[in-house]
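Lettering follows sequence order; numbering is per chain, from 1.
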There are 2 protein chains.
Amino acid sequence: MTDEAAPRPRKPRADAIRNRERVLEAAKSVFTQGGAEAGLEAVAREAGVGIGTLYRHFPTREALYEAVYRREVEQLAELAAQLAGEYGPMEALRRWMRALVQFVATKKGMGTALALAAHKPPELMAYSATRFQEVMGMLLRPAAEAGLVRTDIGSDDLLKAVIGLCYLQDGPGWQEQALRLLDVFLDGLSLRRGDPPGTA
Amino acid sequence: MTDEAAPRPRKPRADAIRNRERVLEAAKSVFTQGGAEAGLEAVAREAGVGIGTLYRHFPTREALYEAVYRREVEQLAELAAQLAGEYGPMEALRRWMRALVQFVATKKGMGTALALAAHKPPELMAYSATRFQEVMGMLLRPAAEAGLVRTDIGSDDLLKAVIGLCYLQDGPGWQEQALRLLDVFLDGLSLRRGDPPGTA
DNA sequence: GATGAAGCGGAGGGAACCTCCGTTTTTTGT
DNA sequence: ACAAAAAACGGAGGTTCCCTCCGCTTCATC
């Protein structure tokens, strides 16, 4: 009942962190390839850890799904920063949005599974939507300031547009089509016509 | 290779039909209560048939999901005809839309599972959307002809509205809220204000 | 009724889930 | 550098569910 004093929290163990990361990597790979209901033991094997370790880090299947998802969102956000440093505003924007299409693509196979398990996705959705919008803004602003794009389209519009483009489609070969439509859209967004946006 | 002549198709057995129906009924109950990943043996038990029988009728879990879903869509359509005979246009419409809300409610728990399993849902979605729209039209037309509702709202709008109402919400107590919103919406649709829509 | 096709049931082999605990690794204190 | 203890590891194995297979029963037909 007396509140516990400072019990000197330990530094987290290095192998624990490493293993956690490995499992996430493996899970992403396995789920992407084998569908969302792939065996967890397969994930553990791929990660080179015991099944017990997997369960300690992610007590339920759903927890694992969620962690994978969050990690990918984060990586996508980091990609934006990287692209912004490497390319001009327009090209960075284009490349990032392409990556976003692919992200959504893999999620259509797996994210549905996420939605199923628990009903925690509301918070998750909000989280990723916010995160993505931040990133979009980060990429969009420089382009706007350089006078390269229309200024009446906000990052929220842009995000919705991409999601919309992806969710309208469904057949095979769909991804290509979505990417094509994305290019059209970005051309429309751009203010300078005529010069090929091509390589760097 | 020679095309087969008329091989005298047999009349389907009575017990087979009966059992099939029983399984569907049981599946609906079990899935609604215990979630979409409830054991299939539980379904068989509830239906009072052997597990083998279940698997003969529905070779995969997903096939069972789909059949349950289709059946419910069909029942909901029949309900419309019945309500149209029993109540006035406005009341029939209201009652049916309430049933639709509840339908969507159960589907949020189970339909997601449906989406997961195979990627057949595009066709399923189209099917039910079409079916529902037919029914909506059937209920809406009399109300419109009797001058009870605005005529600038079509059955497609109405359907989308309900789905929208349901999908915006998520917390507990959500269903009540959706029903309340539905009432508001229907009041807005109606041309005669002031009289309580209450009992029959 | 007789007959045989169609359907029924449930035992059982296999796969996946997840817990539990003896062993190993890492951190911390000296 | 070393020892002690906390934390994490691995995987055997109990449990649960999946789904096939086949001998028995029931129904439609003749």
Side-chain angles (χ1 to χ4, degrees), chain A residues 4-27 29-68 110 113-114 116-118, chain B residues 4-27 29-68 110 113-114 116-118:
Chain A
E4 51 260 26
R8 285 285 169 186
R10 269 230 204 198
K11 192 164 110 185
R13 278 176 56 160
D15 55 346
I17 296 174
R18 180 165 33 79
N19 279 334
R20 186 189 158 85
E21 200 59 23
R22 278 191 189 168
V23 169
L24 283 173
E25 196 71 44
S29 159
V30 169
F31 288 148
T32 302
Q33 290 182 11
E37 57 281 329
L40 294 190
E41 324 226 340
V43 173
R45 210 176 313 122
E46 170 96 7
V49 306
I51 185 67
T53 297
L54 187 152
Y55 273 98
R56 192 168 337 93
H57 284 298
F58 309 100
T60 71
R61 170 180 286 263
E62 168 204 340
L64 182 55
Y65 286 155
E66 183 179 335
V68 171
M110 196 197 98
L114 222 175
L116 157 97
Chain B
E4 51 260 27
R8 286 285 170 186
R10 269 232 205 195
K11 190 163 111 185
R13 278 176 57 159
D15 55 346
I17 296 174
R18 180 165 34 78
N19 280 334
R20 186 188 158 85
E21 200 60 22
R22 279 190 188 168
V23 169
L24 283 174
E25 197 70 43
S29 159
V30 169
F31 288 147
T32 301
Q33 289 183 13
E37 57 280 331
L40 294 189
E41 325 226 338
V43 173
R45 210 176 314 122
E46 170 97 7
V49 306
I51 185 66
T53 298
L54 186 153
Y55 273 98
R56 192 165 338 93
H57 285 297
F58 310 100
T60 72
R61 171 179 285 263
E62 169 204 340
L64 181 55
Y65 286 154
E66 182 178 336
V68 171
M110 195 196 99
L114 223 174
L116 158 96

Using a cut-off of 4.0 Å on non-hydrogen atoms, how would the nucleic acid contact of A/R61 be classed: base, sugar-phosphate, or nothing? sugar-phosphate
What is the distance, to the nearest angstrom, from the OH atom on A/Y55 to the C1' atom on D/dG14? 14 Å
Heavy atoms under 4.0 Å, any strand shown: does B/G39 hit a base, just sugar-phosphate, or nothing? sugar-phosphate
Contact check, side chains of B/V43 and B/I51, non-hydrogen atoms, under 4.5 Å: no
Would you indicate whether the side-chain heavy atoms of A/V30 and A/L40 approach each other to under 4.5 Å? no
Measure CZ/B/R22 against P/C/dG7 and give the value in whole Å, please. 16 Å
Euclidean distance, atom CD of residue A/E41 to atom P of D/dC9 [Å, nearest integer]: 17 Å
From the list D/dA7, C/dT27, D/dG10, which nucleotide is the closest neighbour of the side chain of A/R13? D/dA7
d(CG, A/D15; C1', C/dT23) in whole Å: 14 Å
Atom CG of B/N19 and atom C1' of C/dC8 are separated, to the nearest Å, by 8 Å
From C-beta outward on B/R56, which listed nucleotide comes closest to its side chain: C/dT28, C/dC8, C/dG4? C/dC8
If you check the B/L40 side chain, which of D/dC19, D/dC27, C/dG9 turns out closest? D/dC19
For residues A/F58 and A/R20, determine if any side-chain heavy atom of one lies less than 4.5 Å from a side-chain heavy atom of the other. yes
From the candidates D/dA8, C/dC18, D/dA28, the one with an atom nearest any side-chain atom of A/I51 is C/dC18
Measure CZ/A/F31 against C1'/C/dA16 and give the value in whole Å, please. 13 Å
Taking C-beta and beyond as the side chain, do A/T60 and A/Y55 meet within less than 4.5 Å on heavy atoms? no
Quick one: is B/H57 getting a side-chain N or O under 4.0 Å of the C/dC8 phosphate, OP1 or OP2? yes
When you compare the side chain of A/L54 with that of A/N19, does any pair of heavy atoms fall below 4.5 Å? no
Examine C/dG7: is either OP1 or OP2 under 4.0 Å from a nitrogen or oxygen in the side chain of B/T53? Give yes or no. no
Closest nucleotide among D/dT26, C/dC8, D/dC9 to the B/A16 side chain: C/dC8
Pick the closest DNA chain D nucleotide for A/I17 and for B/K11 by heavy atoms, then say which residue is nearer the 5' end. A/I17
Over how many whole Å does the gap from B/F58 atom CZ to C/dG7 atom P extend? 13 Å
Atom pair distance, as rounded to whole Å: CD in B/E21 and P in C/dC8: 13 Å
Residue met sooner reading DNA chain D from 5', once B/G52 and B/R18 are mapped to nucleotides: B/G52
